[in-house]
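Worksheet: one structure, shown below.
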2 protein chains.
Amino acid sequence: MSLSLNQRTTKRWSVAEAVEGCVRHGLEAVGLWREEVAEQGLAESVKLVREAGLRVSSLCRGGFLTAPGDGAGRALDDNRRAIDEAAELGAACLVMVVGGLPGVKPGEPLPDAGVSRDLAGARGQVAEALEVLAPYAGERGVKLALEPLHPMYCADRAVLSTLAQAVDLCLPYPEEQVGVVVDTFHVWWDPRVFEEIARAGRRIASYQVCDFLQPLPADVLLGRGMMGDGVIDFPPITRAVAEAGYTGDVEVEIFNADVWAADPDEVVATMKRRYAQVVTATP
Amino acid sequence: MSLSLNQRTTKRWSVAEAVEGCVRHGLEAVGLWREEVAEQGLAESVKLVREAGLRVSSLCRGGFLTAPGDGAGRALDDNRRAIDEAAELGAACLVMVVGGLPGVKPGEPLPDAGVSRDLAGARGQVAEALEVLAPYAGERGVKLALEPLHPMYCADRAVLSTLAQAVDLCLPYPEEQVGVVVDTFHVWWDPRVFEEIARAGRRIASYQVCDFLQPLPADVLLGRGMMGDGVIDFPPITRAVAEAGYTGDVEVEIFNADVWAADPDEVVATMKRRYAQVVTATP
């Protein structure tokens, strides 16, 4: 396993800057985001990562499959485009944040009407969308990586709340089509996390790390911290992921106002140091 | 099942005022908190609930069993006192919030030193404390009610994060000694919640309801809302709890700045209306 910079950790950097930053700091892989790829241009982004000799450890992100009404069809179209982009970039996987309850917008107050509270229904909607998207991804050599999100995001970002759920959802498909993301922030609390990592086995398509801050900031989306700044004990999770057979890159993905305000080169230097000290350390 | 006011919902009310409020609004039960009982005086509180003919649906709360060093022994002593108080009050159960990682204080920033990140160890510490406290509770006719808290509180309030964990923890003890709390706020997201409610069966010692607000407020402890104001679909959970054999009271427990600022009598009136409309409604 080797370290990869998810470009959201250095939010100010464009794709070009993130690629240059990875090369400057001796990293072999980068995780990209669709918004930044679109700004840079897809063809230009492909050229930049190829010329730099970097692996694209993931493209973030597809998903949001639970929109009500016409939104469901538009979401499928958008996910097909995301799959195409991931194929172009040669990304190891397309990270899927599946979406919350129909009608609930991420981080926003509930609207007066049009919210569904049918959680089981929304979960079924995700499974149905996957039936359409998995073969499409398979034809293009792209692996969909289902990301269970921390249960505090269940209503507005992902009705996929546990690794067990994600593993169950991917098992009907070929291994190269659908896998799961293990993100320490989202799963560290789960009493079943070690059993589920073992059960996931080679279905683990991405291992992402960052810490869980205490207390959470006012915007809970930004509760992700630099490894060592929070409450997670990383080495047992890292060992379990390795023992499950994962040999891919380890992405550091931090959404955090202080990290975003800091000099990106210093952030990457700290990330490399903490990765060695905190994430891979043996007990 | 009948409706009970957990006195934290009307935070301004003393035990005397909460008891009067319950009588005034035709409620048969009240959930009390140790701090308020201490202010009123234990003997006086006992007298007030008896004279009013109210059931004490729960006493909140015991727990915080994961303190490091000498704190562990002090926690056991404090829990023995809580059990004694619950016995005096004739409470249906003593709610147990088991505590977070050793050295992490609820809602506070991490201290520079002295924090344990050994989550499995903390969970083991809870199981060990229960070995001491369950027989003590049994001798006094008190039922300990283990409350799994939402995973966002895992680090600072309760390493017990799922109903499955709570059920596993109580099964070695007699049914009258240790049970579980089903609190909609904490468990609504859990893909296994219906199976685990069924498995809990007569181990369900308390059913608490409130809604999960979207987005969460800056202090995530106050993300509990009046039923109908958030994202939870209550009737399926209420039916599952009833089908599991629970015939006790349904406590409404809301930590919420707006609810606390409102006139307590209006809060109780709204609570009664919403309970009928939102919690017990058939589909």
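Numbers restart at 1 for each chain; the letters A, B, ... are given by sequence-line order, proteins then strands. Just so it is clear, the model here is predicted, and its values are computed rather than measured. Values reported hereafter were calculated over all heavy atoms of this structure, with side chains retained and with hydrogens, waters and symmetry mates removed.
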Region of [X] in contact with chain A, defined by heavy-atom distances below 4.5 Å:
X	value
Q165(B)	side chain
I232(B)	backbone
R192(B)	neither
D219(B)	neither

> So what's closer than 4.5 Å to chain B heavy atoms on V159(A): side chain, backbone, both or neither?
Replying inline: neither

> At a heavy-atom separation under 4.5 Å, does L110(A) approach chain B through its side chain, its backbone, both, or neither?
Replying inline: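 Its backbone and side chain both get close to chain B.
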
Mind ranking [options] by heavy-atom pairs under 4.5 Å with chain A and telling me who comes out on top?
options	result
A164(B), P106(B), P109(B), G100(B)	P109(B)
L101(B), D156(B), T162(B)	D156(B)
P151(B), P215(B), A218(B)	P151(B)

Between [atom1] of [X] and [atom2] of [Y], what distance do you get to the nearest 0.5 Å?
X	Y	atom1	atom2	value
D190(B)	H150(B)	CG	NE2	10.0 Å
D229(A)	I254(A)	CG	CD1	8.0 Å
D183(A)	L149(A)	CG	CG	7.5 Å

Are the charged groups of [X] and [Y] less than 4.0 angstrom apart, N to O?
X	Y	answer
E175(A)	R202(A)	yes
D211(B)	R274(B)	no
R123(B)	D168(B)	no

> Step by step, would you call F212(A) with H186(A) a ring-ring contact (aromatic ring centres under 6.0 Å, His included)?
Replying inline: CA-CA 8 Å; F212(A) 189 96; H186(A) 295 306; 9.2 Å; no

> Under 6.0 Å from the six-membered ring centre of W33(A) and within 45° of its axis: does the NZ or CZ of R8(A) meet both?
Replying inline: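 Satisfied, under 6.0 Å and within 45°.
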
> What is the ring orientation for W260(A) with F255(A), classed by angle as parallel under 30°, tilted 30 to 60°, or perpendicular over 60°?
Replying inline: tilted

> Parallel under 30°, tilted from 30 to 60°, perpendicular over 60°: which one fits the rings of W189(A) and W189(B)?
Replying inline: perpendicular

> So which residues of residues 112-120 of chain A are in contact with chain B at a heavy-atom cut-off of under 4.5 Å?
Replying inline: R117(A), L119(A)

